[in-house]
Amino acid sequence: MRRKTMNISQIRCREVDAVKRIIFLLVLLIPFGMAGCSSDDDGGNDNGEEPNEDAQVSYVLGSGNANMPSSGTIIAQYADAPAGSEIRRLVDDNADTKYVTHHSSFNITWNGNSSKAVTSYSLTSAADTPEMDPKAWTLYGSNDNTTWTELDAQANQLFTARKEEKSYEVDNATSYRYYRLSVEANNGGTATQIAEWKLVAVRSYTENINDLISSKGSSTFSAITPMGRQHENDREATAADLEWLADPAEEPEPFGDNGSKMAWNTFNVVSIYPNNGMPALSDVNQRWIGDCCLCAVCASMAYLYPRFIKHIIKDNQDKTYTVTMYDPKGKQISVGVGGDYFVGNSGDLGALGGRNKEVTWATILEKAVVKWHQVYKGTSNINGIGTEYVAAIFTGNGESYGFGAGALVSDDLKRAVEVSLKQGRMVIGGFLRSDEPVDENWVSTSGHAFTFILPDDDSHLFKMRNPWGGKTDGVMKVKDDNRIPPMIDLRICVPGAAKNYGVGPDLGGYIPNF
């Protein structure tokens, strides 16, 4: 028999033809394999058979949706949702619809098309049947859908009304691709229902002022330390220094020109967050200590990063607090603060505090800086402490940009403030001259630091808050009158560790809450 031979090209051609035939057959079979699937994820089928509860069902959600911080896919653990109550109903921004599963414990997973740092989330109760509300759950984050990090846990939750949205803050600065809501119990119903699930992450803001910085600004960037040039020559702490800093029982030395006035005394502390449990600008009112820049930075953090403040202050539940700060090399350290012993006398709080002279979170932070300053600068006296210096102590990043008075025309000044605030950068500044009328309530003060805030309308460039507080909580409105703007200087500080705890570009103006 004559042997049939083929060259390499003939063999390859036959192999390609075989592969093509296989692919063709597979394509023909795909419609039959998909016949029982539905993009609506209703978990049912057309032949009356019971759904497979072990099968996961999903729904693809586009960008620009109101529930999730990006486009992506939401996945239910069980495919038992009744028609009309599928998993897609959970993210349709409509409290009149609901997702239902006949389980009291189950997982719902969000697979985003981009990683986001979720800072809060909410659940909305359905329009009926309270016993089917979720009662206990845990929120997790993951970047590989395998290893999960617990972000928040809730137990014994009660929705007091139908279609009620309950929001929860998340102490999270890490961007995750996956988020999982693990419901562990409901209120005794035979099924569980949720009207809405929303994840909230800080949105980015891409506009910048690089052109202004490069042409008219100055920088504190340092190649030696992330804390900036202002911290390059600070002292180093010993092991004993760090132990002293961390111990809330260790008090800093008294300071100031008037020894009796700057004495330390005991004060009653009701709540360090007197404004509905969150830091507010009105909690920051300067008194006896000449640290206006520190005050202005604290107010800016309250405006941009209220959650970051709560993140760095730990209540030890024994009238003491531990504050997370950074040393001159950018290393994270702990500073212990005795929570009822502050500058003042005869019941008169002389330290930074609330508008009614009450101790607030700002009082805690000021005292932590006093202890920090005593170790790394050799003195507890923080009078005259600079904006960029103190901002780095809280955030771990001392990079900042400065613009002198008159360096920017009004339009550029407005743009520098607006863009920086929407980017999450703290903006502090002041006036070249004093006693110039700014608005109907306030005049300018030189050698003093103010916190910059977005305006409420287009008739003003921006607002500036005086840490002295007082009428209008110290807030003054700055117009483009060719008189006040040329007197204003700016210091713009990058947010460092606070970055993912911010309000984001949807930041609004500030109206005092009293």
Side-chain angles (χ1 to χ4, degrees), residues 38-44 51 53-62 65-112 116 118-142 148 150-170 172 176 178-201:
S38 169
S39 61
D40 288 340
D41 302 321
D42 59 11
E53 291 194 359
D54 292 328
Q56 291 189 333
V57 291
S58 61
Y59 175 73
V60 177
L61 192 62
N65 71 85
N67 286 66
M68 296 298 171
S70 70
S71 59
T73 304
I74 188 166
I75 305 165
Q77 182 178 5
Y78 299 111
D80 65 338
S85 297
E86 307 89 350
I87 188 62
R88 63 188 174 94
R89 306 295 185 182
L90 190 63
V91 290
D92 63 0
D93 193 31
N94 184 356
D96 290 318
T97 65
K98 60 187 178 182
Y99 164 68
V100 177
T101 178
H102 293 283
H103 292 80
S104 59
S105 61
F106 55 93
N107 295 327
I108 301 168
T109 302
W110 171 250
N111 176 9
K116 299 290 182 180
V118 166
T119 56
S120 67
Y121 69 98
S122 68
L123 295 178
T124 301
S125 60
D128 56 13
T129 324
E131 61 268 25
M132 292 170 63
D133 290 342
K135 181 179 180 181
W137 60 81
T138 303
L139 180 71
Y140 298 93
S142 173
W148 295 89
E150 180 178 320
L151 303 177
D152 185 64
Q154 299 292 332
N156 299 316
Q157 293 298 294
L158 177 65
F159 291 85
T160 58
R162 297 299 84 207
K163 296 189 285 187
E164 176 190 5
E165 182 177 12
K166 292 177 71 70
S167 297
Y168 303 86
E169 298 291 325
V170 180
N172 172 51
Y176 292 106
Y178 302 89
Y179 287 89
R180 174 167 291 173
L181 182 70
S182 179
V183 176
E184 291 131 12
N186 62 21
N187 277 310
T190 57
T192 305
Q193 60 183 18
I194 307 172
E196 292 292 306
W197 180 33
K198 295 183 179 181
L199 296 175
V200 179

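None of the values given here were measured: they were computed from a predicted structure.
Aromatic ring pairs are classed by plane angle as parallel below 30°, tilted from 30° to 60° and perpendicular above 60°; the pair His103 and Tyr78 is parallel.
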Verdict with supporting geometry, Lys98 and Asp128, side chain to side chain contact (heavy atoms under 4.5 Å, CB included): CA-CA 10 Å; Lys98 60 187 178 182; Asp128 56 13; 3.1 Å; yes

Pair Gln154-Tyr168, side chain to side chain contact (heavy atoms under 4.5 Å, CB included): steps then yes or no: CA-CA 9 Å; Gln154 299 292 332; Tyr168 303 86; 3.4 Å; yes

Audit row: Lys198, Thr124, side chain to side chain contact (heavy atoms under 4.5 Å, CB included) steps and yes/no: CA-CA 9 Å; Lys198 295 183 179 181; Thr124 301; 5.8 Å; no

Verdict with supporting geometry, Tyr59 and Leu90, side chain to side chain contact (heavy atoms under 4.5 Å, CB included): CA-CA 10 Å; Tyr59 175 73; Leu90 190 63; over 6 Å; no

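Interatomic distance, Tyr99 OH to Phe106 CZ, rounded to the nearest 0.5 Å: 6.0 Å. In this structure, OG1 on Thr101 lies 10.0 Å from CG on Asn186, to the nearest 0.5 angstrom. To the nearest 0.5 Å, atoms CG (Asp92) and CG (Asn67) are separated by 7.0 Å. If you take CH2 on Trp148 and OH on Tyr178, they are separated by 8.0 Å, rounding to the nearest 0.5 Å. One distance of note links CD of Glu196 with CD of Glu164; it measures 14.0 Å at 0.5 Å rounding. Taking CZ from Arg162 and CG from Asp96, the interatomic distance works out to 13.0 Å, rounded to the nearest 0.5 Å.
Within the 3.5 Å criterion, the main-chain N or O of Ser105 finds no donor-acceptor partner in the side chain of Thr192. When atom types are taken as modelled, the side chain of Arg180 and the backbone of Ile108 share no donor-acceptor pair closer than 3.5 angstrom. Put simply, the side chain of Ser182 never gets that close to the backbone of Trp137: no donor and acceptor are under 3.5 Å apart. Between the Asp93 side chain and the Ala66 main chain, no donor and acceptor come within less than 3.5 Å of each other. Remark: the backbone N or O of Gln77 is not paired with any side-chain donor or acceptor of Asn107 at under 3.5 angstrom.
Across Val183 and Ile194, no two heavy atoms sit closer than the pair CG2-CD1, 4.4 Å. When all heavy atoms of Ser70 and Gly112 are compared, the closest pair comes out as OG-CA, 3.9 Å. Scanning both residues, Ser85 and Ala81, for their nearest heavy atoms gives O-CB, 3.3 Å. When all heavy atoms are compared, the tightest approach of Ala95 to Ala195 is O-CB, 3.8 Å. When every heavy atom of Val100 is checked against every heavy atom of Ala191, the shortest pair comes out as CG1-CB, 4.2 Å. Of all non-hydrogen atoms in Ser125 and Ala161, the two that sit nearest each other are OG-O, 2.9 Å.
Here the two rings, on Tyr179 and Trp197, have centers that are 6.0 Å apart or farther.
Side chains of Trp110 and Val91 form no contact here, defined as non-hydrogen atoms less than 4.5 Å apart. Looking only at side-chain heavy atoms (C-beta outward), Leu123 and Lys166 stay at 4.5 Å or farther from each other. Side-chain contact check for Phe159 versus Asn187: every heavy-atom pair is 4.5 Å or farther apart.
Counting only N and O atoms by type, the side chains of Ser122 and Glu165 include a donor and acceptor under 3.5 Å apart. Using modelled atom types and a 3.5 Å distance limit, the side chains of Gln157 and Asp133 yield no donor-acceptor pair.
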